[in-house]
Asks: 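I have a structure here, written as structure tokens, and I will follow up with some questions on it.
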Amino acid sequence: MWHLRGRSSVTAAAAAALHKPVAHLRLLLAVSAWSVPAAASNVAAASTTTRGGPSPSAGVAPRAMPSSSSSPPSAAEGTTAAAGGFRLTEPSFLESLMPKKEIGVDRFLAAHPEYDGRGALIAIFDSGVDPAAAGLQTTSDGKPKILDCSTGSGDVDTSKVVKADDDGSIVGASGTHLIINPSWKNPSQEWHVGCKLVYELFTDTLTSRLKKEREKKWDEHSQEAISEALKQLNEFEKKHSKSDDAKQKMAREDLQSRLEYLRKQAEGYDDRGPVIDIVAWHDGDVWRVAVDTQGLEGNKNCGKLADFEPLLNGVAPGAQLISCKIGDTRLGSMETGTGLVRALIAAVEHKCDLINMSYGEPTLLPDYGRFIDLASEVVDKHRIIFISSAGNNGPALNTVGAPGGTSSSIIGVGAYVSPAMAAGAHCVVQAPAEGMEYTWSSRGPTADGDLGVSISAPGGAVAPVPTWTLQSRMLMNGTSMSSPSACGGVALLVSAMKAEGIPLSPYTVRKAIENTAASISDVPEEKLTTGHGLLQVDRAFEYAQQTKELPLVSYRISINQVGKPTSKLRGIYLRGSNTCRQTSEWTVQLDPKFHEDASNMEQLVPFEECLQLHSTDSSVIKIPEYIMVTNNGRTFNIVVNPVNISSGLHYYEVYGIDCKAPWRGPIFRVPITVIKPIALSGEPPALTLSNLSFKSGHIERRFINVPIGASWVEVTMRTSAFDTPRRFFLDTVQICPLKRPIKWEAVVTFSSPSLKNFSFPVEGGLTLELSIAQFWSSGIASHEPTCVDFEIVFHGISVDQKIIGLDGSEAPVRVVARSLLASERLVPVATLNKVKTPYRPVESNLCSLPPSRDRLPSGKQIIALTLTYKFKLEDGAEIKPRVPLLNNRIYDNKFESQYYRISDSNKCVYSSGDVYPNYVKLSKGEYTLQLYIRHDNVQLLEKLKQLVLFIERKLEKKDFIQLSFYSEPDGPTVGNGTFKSSILVPGEPEAFYVGPPSREKLPKNVLPGSVLVGSITYGVVSSFSKKDDQNQHAPASYSISYLIPPSKVDNDKEKGVSSGRKSISERLDDEVRDTKIKFLSGFNQETEDDKSSWTALVASLKSEYPKYTPLLAKILECIVQKATSDDKFSHQKEIIAAADEVVDSIDKEDLAKSLSLKPDPEDEEAQKNKKKMEETRDQLADALYQKGLALAEIESLKTDESTEASAKDVFEENYKELIKWVDAKTTKYGSLTVLRERRCGRLGTALKVLNDMIQDDSEQPKKRLYDLKIQLIEEIGWVHVSAYEKQWMHVRFPPSLPPF
């Protein structure tokens, strides 16, 4: 998901993460740019400052570029000019809040008022449309605005079927009784029920607000309960201030426990939200769904729409929408492969004309991946126009993201800000004289040379937002706004073309909007920023009218460099000093692309175009003059000679003009980007830029050939000669094959002239772009430019192996370090701070998904592979699952989707994620991880059935392992030759050894085969003082790992046994006896014959081994575990009898005496006897515990009050005997203590003991304990606490795992 990098200083940190959404319902705003009264938005609080602004590179001479349009409109009508600069009137101010004039909408609708989007159907790929938002009820001609909603997440399991009782009510999945509306038609009388925690459906922003509101109400009840508990305690202490009676003490403790529990509950309050019930049924024709929201509290006036200002209408008020939710609420609104593919299916099923998508991210490979393939099919076969945001990662080049900026089939849109928008929507003191691209708008080219940005459109608006935001409108900006603005403009074009019978095709529409776009800058290089220019709807329609008789065709370009077996490129991109030192020749394959349903004889065979070729600079680019193109395509060569061009950025184009209709403009374009970097000298190599002058929106770019051997950079930036604060964006980008662009960025604010230092890693031998941009609105009202001095110094320590792997042996690893640039201080530091454990699936399952929403438009059925992994944590830890094959790729991945969830045996889900796993803190216990992968090719999924997954666990800081370094190979073993630091002389190597961690430092409970991972650095930053908040270690770090070796062999078992060992005959007898006892637990007692046989066997064993405690303990265990018969009273009596036999078999005096003695640690026989006595004590305690439970159960079953007192006496005697031997408040025996305290009316003490048992993380939560907890709370009368705990039960113990 795209984010704005530079909002206010308060929110800049929150926006830094690429995939953590700025807000949840951004889709709604996306609609607002083009729906009647603008649609609601869910991009949360983007402030009035955002990144933007194209600026020509220094020293670049202007060259004419092919365009059929003039510059964009200047000051909007209704504004006035004055000495102070740009001024607005009230109408022009309102118009600036929802910009339309910038793209010619006013002129178009003035000429064609009925072509306002009517007849156009748009699919919105985002995080969900709010149907209640202003402007989303009806179109301008009275039709429903929203036709359908589809989703890739939020599914509810409604597999449970219930039937209504005689009163017409059912029990919902949450346990709530629901009254069925008698008017509902249900022939089968089968009601499918499910439930959902409502927060799972809400945005983070809404959830946060609701939690605060609900906590306020909770706190009122909580404080009232605490006050009452404190009052009761004070009254008790007044009444019994001097009493030493034991019962009075226990009563006081009970009241104190109640007060303590309430206080802790208030401190640990964590609202998981209400639960809503869902009921689904089939009425004989269609499936219907009802949602019970009686548990939700709301304002009676919510949903009331305010009057809408006509000037704030969206771009296309006549267009209709379908909402396709690709943002998954479970992942903070990040898009998923499942959501994306389901959205494409929905768009085709509804025969949409357009798709708008305001999501994206950087990519490994451009124009590659499963979603890209499917999107291309949607465009080429189903003729849907796909428009998407280019990204918010500017101002550096190569920052366009997938899919909008990197895919041939998708129109990528950059973000433009006009003077009117700046003055009105952004409320700047003084608007810029001319429009510009926002500083943060992403730039091209792509890694394979394509332009990246197709067109630009207004990238900000003040639009309606959902009512839950508690405001009617909000300013939002980003390419997530420019994309819907452009989509709305294209919807007008579609509306007009349909009305006038002009054939509609994504190919012709794209050509029309690109060839008529208004140029934003005369500098050729700015095409990488603005694309072909600012969308002009009226001109595009005129172009479409003129071309309506022409073939529906698009030219696809594939380029190879002559003499190199490289992959197919979409442009020519020279980026490096070596490529600019010689002439290169390129072969261009030009292929006409028709829609898949084109007729062979009527369209393909007759197709023929004679094209005249042009280049924007014949001194650098040499091409043929003419080519003839038929359906089978044609190749031609381009010669590029950049030898004599100046250093810096240069952009050229080769384009073809139809000889018969030159008015059509360029029929195809070959983008050519040449970056000629400067070479540095000196020791160390450095570049100094002095007296750079910056005004608002100005960008300085420098391209540097990073010296071989450089690994980090130290930067000093000094500002001077300005009055008001200045804000700068610093970007650096390097392009590495088959890798995402290597990007470093910083947003820096200078409140006064000062100096700042930075450091960041670089790759030697790759060209580095340095972009320094003053934010487009920073200092906009000041007439004083900012003077900047900038120094960048390259440092580096090269090592012979960047990735170090210690193999688990005692041997160290030799490392050779060199400095190739200047003298550097070698100070190696290596830390292991994580452990990765590999797992294979214990189960794999392939299943075909329902065709209703998981069948591709091609007819192929999507198949799901579910892989189940089991892992165990011996201690609580922060963990993260990693799937190296699939992680970190959404769009550039050939597998459709990946999704995982981690749950326990109670089906409680602790974490879920997809391509970007997150750390989650888990307690000790056993867990199940399920990985869900989708594709239509079952053979591909079959290959993943044994997919390796890693569980990565963070070590606590105290357990970090700092590795040692040595100058001798035997250093780790003998302890000599420690290596600390050295001075590297340029060109002279220095070697040292990295030692493995000592056995004592290895983490506990780590399985052999696991890998400890961390990082190693070699140098230190030299230019920063120690007062700076910079890490003194060089920012260039490398991976280091250590393989956990096999566990130590335990030889203690093989040690000689004492002379008092038993004879062979005695040992054989013991083995036979123990085997017979073990056999008891596996004896089946399902039938009466089995029970009789078991009883006979027990009698025989008792006779053979009389009063043998382990035997009697096993018999008791079997009776307890036996399925309860109808006669519960007899079963409990049987347990008591078996427990008494265990107790009677033990000499308690001898046991107490033995346990009181401390045996000699070196006396093996004494130690064995001690262990045996402890086992006997545990058997005794268990027998007393089970007897106590049985006595309590019998007491609850008896109806004769005459025996109640005697039963209580027996229970109390038994309990007092138990506490002689063990702590009866521990987890193992605490249930009996809870029962005792409850019987005595001390509910607070019972609750305290029970809560301590629950908090014990030695085992996973047990539902029976939580059920008992709720019973105690209800008996005390804390209604608010009971309701809170019942809501948590849906989280801790859901009836089933949620659907993927």
Side-chain angles (χ1 to χ4, degrees), residues 806 808 831-843 867-883 900-913 917-931 948-963 996-1014 1041-1053 1171 1174-1175 1178 1222-1223 1225-1230 1251-1263 1265-1266 1291-1293 1297:
L806 296 161
T831 305
L832 301 175
N833 54 13
K834 298 172 187 174
V835 58
K836 295 196 317 183
T837 304
Y839 291 89
R840 293 272 191 188
V842 296
E843 182 183 343
L867 301 176
T868 302
Y869 302 82
K870 301 280 189 180
F871 66 95
K872 183 178 181 180
L873 295 179
E874 297 294 343
D875 297 294
E878 277 191 85
I879 66 104
K880 174 167 68 175
R882 285 190 176 276
V883 186
Y900 73 85
R901 67 179 174 214
I902 299 173
S903 60
D904 62 13
S905 58
N906 295 316
K907 302 183 183 66
C908 175
V909 176
Y910 291 87
S911 176
S912 59
N918 293 315
Y919 279 102
V920 58
K921 195 165 187 178
L922 297 179
S923 302
K924 173 183 177 181
E926 296 181 356
Y927 296 91
T928 299
L929 185 148
Q930 288 183 302
L931 179 63
V948 172
L949 174 143
F950 287 90
I951 296 295
E952 181 177 284
R953 175 165 64 92
K954 282 184 179 180
L955 299 180
E956 295 185 22
K957 197 166 185 179
K958 63 181 179 63
D959 297 324
F960 285 8
I961 301 174
Q962 304 293 332
L963 298 182
S998 63
R999 304 285 183 193
E1000 296 76 21
K1001 291 183 178 180
L1002 295 181
K1004 296 179 181 178
N1005 303 317
V1006 178
L1007 299 175
S1010 300
V1011 181
L1012 285 166
V1013 295
S1041 62
Y1042 173 78
L1043 179 67
I1044 301 293
S1047 302
K1048 177 185 175 183
V1049 176
D1050 188 2
N1051 292 321
D1052 293 341
K1053 296 180 180 180
K1171 184 177 179 181
E1174 288 175 347
E1175 290 176 355
D1178 291 343
V1222 292
D1223 180 1
K1225 293 182 179 180
T1226 60
T1227 303
K1228 188 173 183 180
Y1229 307 106
N1251 214 42
D1252 290 341
M1253 292 170 59
I1254 290 173
Q1255 297 301 322
D1256 184 359
D1257 61 357
S1258 61
E1259 56 185 40
Q1260 291 180 342
K1262 293 181 178 179
K1263 188 174 183 298
L1265 297 182
Y1266 284 92
V1291 178
R1292 296 188 179 106
F1293 307 101
L1297 287 169

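Source: prediction; values computed, not measured.
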Asks: Nearest 0.5 Å, please: how far is CZ in Phe950 from CZ in Arg882?
Replies: 10.5 Å
Asks: For the pair Phe871 and Leu922, evaluate side-chain contact (heavy atoms from CB on, under 4.5 Å) and give the outcome as yes or no after the intermediate values.
Replies: CA-CA 12 Å; Phe871 66 95; Leu922 297 179; 4.1 Å; yes
Asks: Which value, rounded to the nearest 0.5 Å, describes the distance between Lys921 atom NZ and Ile879 atom CD1?
Replies: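 Here the interatomic distance stands at 13.0 Å.
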Asks: Parallel, tilted or perpendicular, judged at 30° and 60°: which one describes the rings of Tyr927 and Tyr910?
Replies: perpendicular
Asks: What heavy-atom pair brings Pro996 and Leu963 nearest, and what distance separates the two atoms?
Replies: C-CD2, 4.3 Å
Asks: For Lys954 versus Lys834, what's the shortest heavy-atom pair and its separation?
Replies: CA-CG, 4.4 Å
Asks: Less than 4.5 Å apart, side chain to side chain, heavy atoms only: is that true for Lys1225 and Asp1252?
Replies: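 Answer no - side chains too far apart.
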Asks: If I take atom CZ from residue Arg901 and atom CD from residue Gln930, how far apart are they, to the nearest 0.5 angstrom?
Replies: 4.5 Å
Asks: Considering non-hydrogen atoms only, spot the tightest contact between Pro838 and Gly1009 and give its length.
Replies: CD-O, 3.8 Å
Asks: How about Ile961 and Tyr1042: do any of their side-chain heavy atoms sit closer than 4.5 Å?
Replies: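 No - every pair of side-chain heavy atoms lies 4.5 Å or more apart.
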Asks: Could you check whether any side-chain heavy atom of Thr831 comes within less than 4.5 Å of a side-chain heavy atom of Gln962, counting everything from C-beta outward?
Replies: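 Heavy-atom side-chain distance check passes, below 4.5 Å.
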Asks: Restricting to non-hydrogen atoms, name the atom on Tyr900 and the atom on Pro917 that form the minimum distance, rounded to 0.1 Å.
Replies: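 That would be OH-CA, 3.5 Å.
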Asks: How far does CG of Asn918 sit from CD of Glu878, to the nearest 0.5 angstrom?
Replies: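 It is 11.0 Å, given to the nearest 0.5 Å.
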Asks: Leu949 and Leu867: side-chain contact (heavy atoms from CB on, under 4.5 Å), yes or no, with the steps?
Replies: CA-CA 10 Å; Leu949 174 143; Leu867 301 176; over 6 Å; no
Asks: Among Pro881, Ser903, Pro841, which residue meets the side-chain contact (heavy atoms from CB on, under 4.5 Å) test with Leu929?
Replies: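 So the option named by the test is Pro881.
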Asks: May I ask you to test the Thr928-Thr868 pair for a side-chain heavy-atom distance under 4.5 Å?
Replies: yes
Asks: Under the ring pair (Phe, Tyr, Trp, His ring centres under 6.0 Å) test, which residues partner Tyr839, sequence neighbours left out?
Replies: none
Asks: What heavy-atom pair brings Arg1292 and Cys908 nearest, and what distance separates the two atoms?
Replies: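 Residues Arg1292 and Cys908, closest heavy atoms: O-CB, 3.2 Å.
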Asks: Using side-chain contact (heavy atoms from CB on, under 4.5 Å), reason through Leu806 and Leu1012 one step at a time and then give a plain yes or no.
Replies: CA-CA 9 Å; Leu806 296 161; Leu1012 285 166; over 6 Å; no
Asks: Within the 4.5 Å heavy-atom criterion, are Leu955 and Arg953 side-chain neighbours or not?
Replies: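 Yes, side chains in contact.
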Asks: Would you find a donor on one side and an acceptor on the other, under 3.5 Å apart, between the side chain of Asp904 and the backbone of Asn906?
Replies: yes
Asks: About how many Å separate CG of Leu873 and CD of Glu926, when rounded to the nearest 0.5 Å?
Replies: 10.0 Å
Asks: Does atom NZ of Lys1262 have more than 12 heavy-atom neighbours from other groups under 6.0 Å away?
Replies: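 Count not over threshold, so no.
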Asks: With a 4.5 Å cut-off on side-chain heavy atoms, are Val1011 and Val835 touching?
Replies: no
Asks: If every non-hydrogen atom of Gly1014 is compared with every non-hydrogen atom of Leu832, which pair is closest and at what distance?
Replies: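 Where Gly1014 meets Leu832 most closely, the heavy atoms are N-CD2, 3.9 Å.
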Asks: Could you walk me through whether Val1222 and Lys1228 pass the side-chain contact (heavy atoms from CB on, under 4.5 Å) test, one step at a time?
Replies: CA-CA 10 Å; Val1222 292; Lys1228 188 173 183 180; over 6 Å; no
Asks: Out of curiosity, Ile902 CD1 to Ile951 CD1, how far, rounded to the nearest 0.5 Å?
Replies: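 Going from CD1 on Ile902 over to CD1 on Ile951, the span is 5.5 Å.
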